[in-house]
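Single-structure report; data block below.
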There are 2 protein chains.
Amino acid sequence: MTGHPRRSDALHNRARLIEAARALFDEVGTDAASMNDIARRAGVGPGTLWRHFPDKEALTAEVVGRSLDGLAALAAELLDGPGSPDFLREWVSTLVRHITRYRGLAVSYAQAARSGDGPLGARCRAVEEAAARLVERARERGQVRADLTAPELIRLATAVAWACETTAAPDTTTRLLDLLFEGVRPR
Amino acid sequence: MTGHPRRSDALHNRARLIEAARALFDEVGTDAASMNDIARRAGVGPGTLWRHFPDKEALTAEVVGRSLDGLAALAAELLDGPGSPDFLREWVSTLVRHITRYRGLAVSYAQAARSGDGPLGARCRAVEEAAARLVERARERGQVRADLTAPELIRLATAVAWACETTAAPDTTTRLLDLLFEGVRPR
DNA sequence: ACCTGAACACCGTTCAAGT
DNA sequence: ACCTGAACACCGTTCAAGT
């Protein structure tokens, strides 16, 4: 957890760094955006960036964190609500949209989910717990195979996101998700 | 196509470079193995490596080429032979085993398949053609959905390979392939 | 308490100089 | 005809020096 700074210039720099990272992630992806580029874009020295965020993962987590938290919130909503018949697919589709938001995010996400620690890993665990509850509900309703686990569903979704992140055609994602959900149905 | 050199020392260097690349790919993956490391390992200067292989893709293609060609050959065998009922799965499973041979290969493969040119891209096209014939045969026998295309099958297989390349558990691959083939079945 | 920017080891890549 | 290795711009990362 990166402790927020107290001084106002530090707070200002922190905000500028996140903004610069977001802009570069948008333009070239999380992988191609170098730490030095981000610092330059934010108008600060590299050292400033590294003290604010000890890791590129920490910076990535700061940029996509709110969106990841939103996934847990959406899961809670779907579980509380009247229950759309396709609620699991709706959630996984949102997850894939989230991962394909920035090129290179699928790799960061897979690594973080595997290691389980770090600022991204922690949020991945939360996402996985949300997925577990959704899968359980879907299983109760007979909408998915009885032996489907949440981790493997997420792994497949992440893989689909990875396969789609470079592809131009936008309907590719829908199509691969179709095939994925066909494979996950009962019997 | 990298024209093979004529002089015996050049031939020798070329062989040593391929051997060094293979060894480093084995140890750290195609991504982490740097060109300078490979040259150092082979006992030659970086310039020598770059003239033998103008690209890292060219070097990768040289290391995995024979194995990729084997996939086309296997496809021909499966089409000629008596026809095992699971011949498509057998082939895709071999493809996935091939891609997971070296860490980082899934990314190289996906890029090459998308661009379609370069030494790897050319071989990818051959693999895709082989897959097209296999999918057609499987469709005739009613073993796969009528709307399944070879490119998307390969995309999914590559994605599964990517998802499995860092995972320790070896049965993960089998499991994800199971789900994949469940999704690809008719109806 | 925080910022700066020079510095280090490394990367991919090139190319003049050698044999 | 081929090899060598110094060189360039860059990367991630650190840290002494400043305010």
Side-chain angles (χ1 to χ4, degrees), chain A residues 1-21 24-25 27-63 103-104 107-108 111-112 115 118-120, chain B residues 1-21 24-25 27-63 103-104 107-108 111-112 115 118-120:
Chain A
M1 312 298 143
T2 315
H4 283 230
R6 267 149 284 198
R7 249 166 58 174
S8 73
D9 55 342
L11 273 168
H12 183 239
N13 276 339
R14 199 188 135 88
R16 288 193 53 140
L17 283 166
I18 296 177
E19 193 190 355
L24 275 172
F25 286 1
E27 291 173 21
V28 299
T30 63
D31 191 58
S34 85
M35 292 294 262
N36 282 338
D37 270 347
I38 294 168
R40 228 185 328 265
R41 176 93 155 220
V44 304
T48 303
L49 171 54
W50 284 94
R51 196 166 9 75
H52 276 283
F53 305 98
D55 228 319
K56 198 173 188 181
E57 191 195 332
L59 182 54
T60 306
E62 208 58 45
V63 173
R103 195 162 4 118
V107 172
S108 316
Q111 285 170 347
S115 83
L120 254 187
Chain B
M1 314 297 141
T2 316
H4 282 230
R6 267 147 287 198
R7 248 166 58 175
S8 72
D9 55 343
L11 273 168
H12 182 237
N13 276 338
R14 199 187 135 88
R16 288 194 51 141
L17 283 166
I18 296 177
E19 193 190 354
L24 275 172
F25 285 1
E27 291 172 21
V28 300
T30 63
D31 190 57
S34 86
M35 293 294 262
N36 283 338
D37 269 347
I38 294 168
R40 227 184 328 264
R41 175 93 155 220
V44 304
T48 304
L49 172 53
W50 284 92
R51 196 169 7 76
H52 276 283
F53 304 98
D55 229 319
K56 198 174 187 180
E57 190 195 331
L59 181 55
T60 307
E62 208 59 45
V63 172
R103 193 158 11 115
V107 172
S108 316
Q111 285 172 345
S115 84
L120 254 187

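In what follows, chains carry the letters A, B, and so on, assigned in the order in which the sequence lines appear, proteins first and then strands, with residues in each chain numbered from 1. It should be emphasised that the depicted structure is a prediction, and the values quoted were computed from it without experimental measurement.
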Using whole Å, report how far [atom1] of [X] lies from [atom2] of [N].
| X | N | atom1 | atom2 | value |
| --- | --- | --- | --- | --- |
| B:Asn36 | D:dT4 | CG | P | 14 Å |
| A:Leu49 | D:dC11 | CG | P | 13 Å |
| B:Asp9 | C:dG18 | CG | C1' | 14 Å |
| A:Met35 | D:dC10 | CE | P | 19 Å |
| A:Phe53 | C:dC2 | CZ | P | 14 Å |
| B:His4 | D:dC2 | NE2 | P | 13 Å |
| B:Leu24 | C:dC11 | CG | P | 11 Å |
| A:Arg14 | C:dC2 | CZ | P | 12 Å |

For a quick test of reading the model: is some side-chain N or O of [X] closer than 4.0 Å to OP1 or OP2 of [N]?
| X | N | result |
| --- | --- | --- |
| A:His52 | C:dC3 | yes |
| B:Arg16 | D:dC3 | no |
| B:Arg51 | D:dC3 | yes |
| A:Arg40 | D:dC10 | no |
| A:Asn13 | C:dC2 | no |

B:Glu57 (side chain) donor-acceptor with B:Leu120 (main chain) under 3.5 angstrom: yes
Sugar-phosphate only, base, or nothing, as touched by A:Asp55 at under 4.0 Å among non-hydrogen atoms: nothing
Sugar-phosphate only, base, or nothing, as touched by A:Ser34 at under 4.0 Å among non-hydrogen atoms: sugar-phosphate
Greater than 12 external heavy atoms within 6.0 Å of B:Arg41's CZ: yes
B:Glu19, CD: over 12 other non-hydrogen atoms inside 6.0 angstrom: no
Exercise: identify the closest heavy-atom pair between B:Lys56 and B:Thr30: NZ-O, 2.6 Å
Counter-base of D:dA9, judged by Watson-Crick or G-U geometry with both distances under 3.5 Å: none
Trace of the side chain to side chain contact (heavy atoms under 4.5 Å, CB included) decision for A:Leu59 with A:Leu49: CA-CA 9 Å; A:Leu59 182 54; A:Leu49 171 54; 4.2 Å; yes
